[in-house]
J.: 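Take this structure first; my questions come after.
The chains referred to below are lettered A, B, ... by the order of the sequence lines, with proteins before strands, and numbering in each begins at 1. FYI, side chains are in, hydrogens and waters are out, and symmetry mates aren't considered; it's all heavy atoms of this structure. From a predicted model like this one, the values you see are computed outputs, not experimental measurements.
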Amino acid sequence: MRLIDKRVKVSRRDMLRTGGAVAAAASVMPMAIVHRGALAAEPVALSKDSFATLVKMARDLYPHDKIADNYYAGVIESIDKAAKDDAALKTMLEDGVTQLNGKATGLKYGAYGSVPSEEERVAILKEIETTPFFQKIRGTMITGLYNNKELWPHFGYEGPSADKGGYINRGFSDINWL
Amino acid sequence: MAAPFDLNDDSVVVVVGSGAGGGTLSNELAQKGVKVVCLEAGPRIENQDFMNDEWAAFSQLSWLDKRTTSGSWRVAKDFPGLPAWIVKAVGGSTVHWAGASLRFQEHEFKARTTYGEVAGANLLDWPLTLAEMEPWYAKAEDKMGTTRTNNIPGLPGNNNYKVLEAGAKKLGYKEVHTGRMSINSEPRKGRGSCLQIGFCFQGCKSGAKWSTLYTEIPDGELTGNLEIRPDAQVLMITHNDQGKVDGVVYAGKDGKQQKQKARVVCVAGNSIESPRLLLNSHSAKFPDGLANSSGQVGRNYMRHTTGSVYGIFEKPVHMYRGTTMAGIVQDEARFDTSRGFVGGYELETLSLGVPFMAAFLNPGEWGRSFAEAMDAYDRMAGMWIVGEDMPQEKNAITLHASEKDQFGMPAPNVYFDDHPNDDAMREHAFKQGSAIYDAVGAIKTVHTPPYPSTHNLGTNRMSENARDGVVNKWGQTHDIPNLFVSDGSQFTTGATENPTLTIVTLAIRQADHIASEMAKGTL
């Protein structure tokens with residue numbers, strides 16, 4: 001079978017963000033091995049703490065251990081940008097974070113981000129999963145994460161094929177383990 | 001070349017919609033010398049502009065105008081503004097369809113007689129038989145280049161099909177093959193053979209899959225008798241004092257309204273828009289909408305009993321490589337009430353890309369088990385269940401009391417409840433689908449709820465008696481002789497099979513009838 005290199009390749013956008021040295025390492029190593037800060041720039045609408053909490057929440061929603069934080073942060077960045085000119089959205093996000101932190105405090109942790117186990121954080125999220133705040137983050141993550149072309153190799157998905165002549169000569173029927 | 005017709009030309013047949021029904025009817029009439037104006041609500045987008053990108057193509061092609069939903073079906077909860085996944089563009093949903101082209105079975109034209117009284121179901125026999133349909137089916141299969149007909153070989157099976165086939169055969173299923181597909185397995189009628197691109201749902205960039213966009217429509221335009229007018233959304237059908245229709249009012253791209261006069265009007269806007277248009281065309285003479293003396297316009301909405309099964313394996317499958325619907329298991333399509341339900345179902349391979357898999361695998365789900373299923377994407381095989389659902393009078397398209405679309409036309413509401421027969425069939429199919437994948441070593445199988453509807457049927461149904469339905473056996477409305485319905489909304493019952501072949505067949509047959517009645521001067 002024609003197999004796929006499932007390592008996520010670094011993009012030009014990442015090069016600009018992270019500098020060439022890290023990117024050069026990333027280009028030859030699986031992304032998750034390369035340690036990088038999640039946040040490239042200051043948030044434009046949310047507080048730094050709120051932003052970090054939402055990144056944590058995003059990973060708890062769709063926990064792919066081999067996908068680096070910056071991909072989760074990239075989606076939250078898009079929500080942060082949208083909140084810059086949308087006061088109602090900004091309020092919803094900040095209130096949502098306050099609610100998460102409140103529930104964490106109730107469990108004797110200071111903040112959502114300080115809750116040590118995924119299991120306990122998921123239990124907190126379960127309690128708020130019908131709220132518009134939760135649905136906003138969840139819905140945005142579904143497209144933001146899984147429609148990110150850079151991540152498609154991780155899932156073993158090759159994306160467009162017409163420009164490569166389809167799969168007629170590229171393994172459409174090459175299964176060999178049945 | 002394409003003939004532009006005058007708005008005041010009252011000799012033309014106006015066809016509303018350019019998909020499987022409208023696109024085929026328009027060309028067939030044009031070939032017979034009848035002048036046709038085909039009004040298409042969406043833009044004209046050619047193959048080269050299609051995109052191998054699920055969300056981008058969805059935005060480019062889908063009908064995304066305001067719609068609402070109600071009823072207990074899960075789509076109303078997960079996708080409340082998107083009851084149907086159909087196309088707003090020239091070619092209609094033949095741009096999006098997967099190509100499966102199956103004839104109905106004989107007993108399916110006699111659902112009421114065969115199935116008997118089913119509580120809560122509004123079953124009725126078609127005023128047509130398979131014997132009457134056969135010669136027209138043959139014409140449709142030839143037109144569409146359906147594989148396994150007319151000596152056209154079947155398509156080769158892709159990885160997704162090979163998994164289905166191996167599992168199905170281990171279970172003892174016999175009718176397992178790569179389908180009757182209107183996708184060229186060899187060059188035919190000026191179109192090339194399938195390149196196994198995948199992305200059949202996003203519009204076929206190579207043109208190997210039959211679509212009215214690049215077959216019927218240009219063929220019709222070459223006669224000089226057909227004008228396709230894109231970006232022209234019909235809002236109302238008008239009538240004269242005698243109660244005959246005499247034209248349509250439509251909105252252009254800029255929202256500006258025009259009236260096109262007509263000798264005959266044929267409605268083919270799919271099973272949500274067609275009844276919506278008839279209902280919205282109410283007048284002092286027809287206060288409940290056009291052709292609605294039976295009260296059946298918009299009712300008996302069917303969407304096929306669907307669902308998907310995804311099997312996760314230890315080793316890669318790469319199900320997305322090649323045709324989306326690459327093969328079929330037909331053994332369960334039979335009528336056999338020992339399974340606990342009437343009607344039958346097909347199992348057909350289906351694949352989604354990563355973006356749509358995330359959205360549809362189990363809408364709303366999150367957490368580690370979901371992420372783990374997504375991590376197994378390249379090790380998944382997938383199949384779609386398509387079975388006959390029960391017509392129910394309460395399942396209906398109605399005009400929303402307050403919500404309106406961008407042209408000020410009342411938005412359609414789609415109400416749907418599954419019938420207990422639908423639920424029983426879906427459960428049986430889920431179980432059999434899982435058994436197929438388990439037979440070839442699946443680690444896990446996932447049961448995916450129905451997607452927004454692609455098979456929308458039955459809302460202007462065909463009936464022998466005017467009191468039971470909206471149109472007669474020719475698709476002619478019982479109430480208004482020069483008003484026809486030409487799409488899947490004519491279906492009396494849904495049958496087990498994917499509907500496009502039957503829609504095209506009815507359109508060819510209807511064109512023959514309309515042209516001959518016009519020649520006789522009776523229309």
J.: Which one of Asp60(A), Asp174(A), Asp163(A) has the most heavy-atom pairs closer than 4.5 Å to chain B?
T.: Asp174(A)
J.: Classify the angle between the aromatic ring planes of Tyr320(B) and Tyr167(A) as parallel (below 30°), tilted (30 to 60°) or perpendicular (above 60°).
T.: perpendicular
J.: Select, from Thr143(A), Leu151(A), Ile4(A), the one with the greatest count of heavy-atom pairs under 4.5 Å involving chain B.
T.: Ile4(A)
J.: Just give me the residue among Leu3(A), Leu125(A), Leu145(A) that pairs up with chain B most often, heavy atom to heavy atom, under 4.5 Å.
T.: Leu125(A)
J.: Does atom NZ (Lys6(A)) have a neighbourhood of more than 12 heavy atoms from anything else shown, all under 6.0 Å?
T.: yes
J.: Which value, rounded to the nearest 0.5 Å, describes the distance between Lys162(B) atom NZ and Ile175(A) atom CD1?
T.: 8.0 Å
J.: What part of Ala166(B) gets within 4.5 angstrom of chain A, counting heavy atoms only: side chain, backbone, both, or neither?
T.: side chain
J.: Taking the side chain as every heavy atom from C-beta outward, state whether Lys315(B) and Met1(A) have any atom pair closer than 4.5 Å.
T.: no
J.: If you measure from CH2 on Trp55(B) to OH on Tyr146(A), what distance do you get to the nearest 0.5 Å?
T.: 13.5 Å
J.: Verify the neighbour count for atom NZ of Lys164(A): are there more than 12 heavy atoms of other residues, nucleotides or ligands below 6.0 Å?
T.: yes
J.: What distance separates Met374(B) CE from Ile142(A) CD1, expressed to the nearest 0.5 Å?
T.: 7.5 Å
J.: Find the distance between CD1 (Ile137(A)) and CH2 (Trp366(B)) and round it off to the nearest 0.5 Å.
T.: 13.0 Å
J.: Please classify the contact between Tyr161(B) and chain A as side chain, backbone, both or neither, with a heavy-atom cut-off of under 4.5 Å.
T.: neither
J.: Could you tell me whether Asp375(B) and Lys66(A) have a side-chain N and a carboxylate O separated by less than 4.0 Å?
T.: no
J.: Do Trp177(A) and Glu314(B) pass the side chain to side chain donor-acceptor pair (under 3.5 Å) test, and can you show the C-alpha distance, the side-chain angles, and the key distance before you say yes or no?
T.: CA-CA 10 Å; Trp177(A) 54 263; Glu314(B) 278 177 28; over 6 Å; no
J.: What is the minimum heavy-atom distance between Ser161(A) and Asn52(B), and which atoms define it?
T.: N-OD1, 3.0 Å
J.: Identify which part of Lys205(B) has an atom lying under 4.5 Å from any heavy atom of chain A, answering side chain, backbone, both or neither.
T.: side chain
J.: Counting a contact as any heavy-atom pair under 4.5 Å apart, which residues of residues 91-123 of chain A contact chain B?
T.: Glu118(A), Val122(A)
J.: Among Val354(B), Leu195(B), Asn158(B), which has the most heavy-atom pairs under 4.5 Å with chain A?
T.: Val354(B)
J.: Side chain, backbone, both or neither: which part of Leu178(A) has a non-hydrogen atom closer than 4.5 Å to chain B?
T.: side chain
J.: Who wins among Gly441(B), Pro156(B), Gly198(B) for the most heavy-atom pairs under 4.5 Å with chain A?
T.: Pro156(B)
J.: Flag the pair Arg368(B) and Asp65(A) as a salt bridge only when some basic side-chain nitrogen lies within less than 4.0 angstrom of an acidic carboxylate oxygen.
T.: yes
J.: Which atoms of Arg170(A) come close to chain B, meaning under 4.5 Å heavy atom to heavy atom: side chain ones, backbone ones, both, or neither?
T.: backbone
J.: With the side chain counted from C-beta on, respond yes when Asp53(B) and Lys149(A) share a heavy-atom pair under 4.5 Å apart, and no when they do not.
T.: yes
J.: To the nearest 0.5 Å, what is the distance between CD on Glu158(A) and CZ on Arg321(B)?
T.: 4.5 Å
J.: So which atom in Ala371(B) and which in Pro63(A) form the shortest heavy-atom distance, rounded to 0.1 Å?
T.: CB-O, 3.4 Å
J.: Which bit of Asn169(A) is near chain B, if near means a heavy-atom gap under 4.5 Å: side chain, backbone, both or neither?
T.: neither
J.: Of all heavy-atom pairs between Ser173(A) and Gly157(B), which one has the smallest distance, and what is that distance?
T.: CB-O, 3.3 Å
J.: For the CG atom of Asp378(B) and the OH atom of Tyr157(A), what is their distance to the nearest 0.5 Å?
T.: 13.0 Å
J.: Quick one: of Ala326(B), Pro316(B), Gly353(B), Ala359(B), who has the most non-hydrogen atom pairs under 4.5 Å with chain A?
T.: Pro316(B)
